[in-house]
Amino acid sequence: MNSRNAVSATIYSVAVMLILSGCASVRPDINPLLDQKAAVLSRQAKSFNQHILASKGTGWARLETKTRTDKYKIAWAAVFPNKIRITFLLSGLPVETIVANGKKIIFVSHTREHAKHSYTAKDPDMEDYIRVPVKLSEMISLLLGRLPVKKFEEAYFSTSDPSLSTIILKQDWKGRKQTLHFNGKGKVNALKSITAAGKMVYEVTLLKYSAYAFGEIPTQIEIKDLENNRLIIDIKNFVPNPPIKESVFQLTESG
């Protein structure tokens, strides 16, 4: 290789390194002990109430968009990780039932607003149905008293939060990251899903925890997206690990 080609190759290599380093996510240089603490707190959040594998309950759900607000009473039965039957009621009368059995999701209108229909999906995105872009499995986690913390490869404290109450979780999931926010008592009070560029996809805010004989669960939950569409869930009654028959997640022809 002559000197001119060698110089060109060197310049090309340096350019590639600069481009790749610019595209790579910046990992702050933090004390390893703090990284260990962030990892421990994140694992604790992910394992929160993992002993709850099923639940039944009632409560309220309020859907807010720029143009309307709808409030329903809800009743559900759910089984980890992707089975649920939830009914929305107005004035005590059922309006809509959604059933997911891990293979498909089914919608039934009790007011004949639409015909019964279903889609094949193991873990569908719920944006078209509840206005905010969360996965069905994340909704089920919340109704089981869990926290929808995703699998992560790395956890570290955010350098923009000197109080060490915000942890960033890196993961190989469509280029997104997740942040956990802790209150003064060490409880998770918010989770955010963000893009690699830092743009928020949605935020889950845990407004209230309630104590039961088996422990605590979040009972007031707000989910909102970047457009400020909101789903507010207020859990009133909660039964952990009840026996739930498989037939609950199957619909007859009559619905």
Side-chain angles (χ1 to χ4, degrees), residues 37-64 69 71-84 86 88 126 130-152 155 157-158 161 163-169 177-194 200-225 228-242 244:
K37 181 178 180 181
V40 169
L41 290 173
S42 300
R43 286 194 294 267
Q44 289 175 347
K46 184 168 178 56
S47 64
F48 182 72
N49 281 337
Q50 274 196 345
H51 62 287
I52 302 179
L53 300 176
S55 74
K56 287 184 178 180
T58 61
W60 295 92
R62 189 167 79 247
L63 295 168
E64 297 181 358
T69 296
K71 185 176 180 179
Y72 303 94
K73 187 172 183 180
I74 56 173
W76 78 86
V79 174
F80 180 83
N82 52 14
K83 295 181 180 179
I84 188 171
I86 183 168
F88 297 80
M126 299 300 290
I130 60 172
R131 318 294 203 279
V132 286
V134 296
K135 291 289 189 179
L136 177 65
S137 59
E138 295 171 310
M139 286 294 304
I140 291 173
S141 289
L142 291 168
L143 293 176
L144 291 174
R146 297 181 171 206
L147 303 177
V149 180
K150 297 181 179 297
K151 292 181 180 179
F152 59 91
F157 288 103
S158 170
D161 183 357
S163 68
L164 299 181
S165 59
T166 302
I167 294 176
I168 297 174
L169 304 181
K177 297 180 183 180
Q178 191 175 46
T179 63
L180 306 179
H181 302 266
F182 295 80
N183 62 19
K185 297 180 179 180
K187 294 180 181 179
V188 177
N189 62 1
L191 305 91
K192 290 182 182 179
S193 177
I194 58 177
M200 188 184 83
V201 181
Y202 66 85
E203 178 179 13
V204 177
T205 304
L206 309 172
L207 302 171
K208 179 183 177 181
Y209 283 79
S210 296
Y212 291 81
F214 59 85
E216 290 186 314
I217 65 166
T219 51
Q220 288 185 0
I221 304 156
E222 178 189 80
I223 307 171
K224 69 177 181 179
D225 66 5
N228 215 31
N229 296 314
R230 301 170 186 261
L231 169 65
I232 300 96
I233 299 173
D234 191 354
I235 295 174
K236 295 300 184 182
N237 299 290
F238 184 87
V239 180
N241 293 322
I244 301 177

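Worth saying up front: this structure is predicted, and the values here are computed from it rather than measured.
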Asks: Should Phe80 and Gln50 be marked as a side-chain contact (heavy atoms from CB on, under 4.5 Å) after you check the CA-CA gap, both sets of side-chain angles, and the distance that decides it?
Replies: CA-CA 10 Å; Phe80 180 83; Gln50 274 196 345; over 6 Å; no

Asks: Around atom NZ of Lys187, are there more than 12 heavy atoms of other residues, nucleotides or ligands at under 6.0 Å?
Replies: yes

Asks: I'd like to know whether Trp60 forms a side-chain contact (heavy atoms from CB on, under 4.5 Å) with Ile232, so could you lay out the CA-CA distance, the side-chain angles of the two residues, the decisive distance to 0.1 Å, and finally the verdict.
Replies: CA-CA 8 Å; Trp60 295 92; Ile232 300 96; over 6 Å; no

Asks: Do Phe152 and Ser42 come within less than 4.5 Å of each other through their side chains, counting heavy atoms only?
Replies: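 With C-beta onward as the side chain, the pair touches.
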
Asks: For the atom pair CD1 (Ile217) and CZ (Arg146), what is the distance rounded to the nearest 0.5 Å?
Replies: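 Here the interatomic distance stands at 12.5 Å.
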
Asks: Please name the residue in the list Lys224, Glu138, Lys192 that meets the side-chain hydrogen bond (donor to acceptor under 3.5 Å, both in side chains) test with Tyr202.
Replies: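 Option passing the side-chain hydrogen bond (donor to acceptor under 3.5 Å, both in side chains) with Tyr202: Glu138.
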
Asks: Would you compute the distance between atom NZ of Lys236 and atom CD1 of Ile74 and round it to the nearest 0.5 angstrom?
Replies: 11.0 Å

Asks: Evaluate the side-chain contact (heavy atoms from CB on, under 4.5 Å) criterion for residues Leu41 and Phe157: first the C-alpha distance (whole Å), next the side-chain angles of each, then the deciding distance (0.1 Å), finally the verdict.
Replies: CA-CA 10 Å; Leu41 290 173; Phe157 288 103; 4.1 Å; yes

Asks: Can you tell if the side chain of Trp76 reaches within under 4.5 Å of the side chain of Ile235, non-hydrogen atoms only?
Replies: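 Yes; the side chains approach each other to less than 4.5 Å.
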
Asks: Taking Asp234 for its side chain and Gly59 for its backbone only, find out whether a donor-acceptor pair lies under 3.5 Å.
Replies: no

Asks: Within this structure, what is the CD1-CG distance for the pair Ile167 and Leu191, rounded to the nearest 0.5 Å?
Replies: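 Answer rounded to 0.5 Å: 11.0 Å.
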
Asks: Out of curiosity, Lys177 NZ to Leu169 CG, how far, rounded to the nearest 0.5 Å?
Replies: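 Rounded to the nearest 0.5 Å, the NZ-CG separation comes out at 10.5 Å.
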
Asks: Please examine the side chains of Leu206 and Leu147, heavy atoms only from C-beta on, and report whether any two atoms are closer than 4.5 Å.
Replies: yes

Asks: Taking all non-hydrogen atoms of both residues into account, name the closest pair between Pro148 and Gln178 and its distance.
Replies: O-NE2, 3.0 Å

Asks: Please assess Glu203 against Glu222 for the test side-chain contact (heavy atoms from CB on, under 4.5 Å), listing each intermediate value before the final yes or no.
Replies: CA-CA 8 Å; Glu203 178 179 13; Glu222 178 189 80; over 6 Å; no

Asks: Using every non-hydrogen atom in the two residues, find where Gly145 and Phe48 come nearest and quote the distance to one decimal.
Replies: O-CE2, 3.4 Å

Asks: Which pair of heavy atoms, one from Leu144 and one from Ile52, lies closest together, and at what distance?
Replies: O-CG2, 3.2 Å

Asks: Any donor-acceptor pair under 3.5 Å linking the side-chain atoms of Asn82 with those of Ser137?
Replies: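 No.
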
Asks: Between atom CZ of Phe182 and atom OG1 of Thr166, what is the distance when rounded to the nearest 0.5 Å?
Replies: 9.0 Å

Asks: Nearest 0.5 Å, please: how far is CG in Leu231 from CD1 in Ile221?
Replies: 9.0 Å

Asks: Report yes if some heavy atom in the side chain of Leu142 is under 4.5 Å from a heavy atom in the side chain of Pro218; otherwise report no.
Replies: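 Answer no - side chains too far apart.
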
Asks: Please confirm whether the backbone N or O of His51 pairs with a side-chain atom of Asn241, one donor and one acceptor, at under 3.5 Å?
Replies: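 Such a contact is found between Asn241 side chain and His51 backbone.
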
Asks: For Ile84 and Leu143, work out which heavy atoms get closest and say how close.
Replies: CD1-CD1, 3.6 Å

Asks: Just so I know, are the side chains of Arg131 and Glu64 near enough to count as touching, which here means a heavy-atom distance under 4.5 Å?
Replies: no

Asks: Where do Phe88 and Ala61 come nearest, in terms of heavy atoms and distance?
Replies: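 Heavy-atom minimum between the residues: CE2-CB, 4.4 Å.
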
Asks: Counting C-beta onward and ignoring hydrogens, is there a side-chain heavy-atom pair between Met139 and Ile233 closer than 4.5 Å?
Replies: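 The answer is yes; the side chains approach within 4.5 Å.
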
Asks: Would you name the heavy atoms of Val149 and Leu180 that are closest together and state the gap between them?
Replies: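 For Val149 versus Leu180, the nearest heavy atoms are CG2-CD2, 4.1 Å.
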
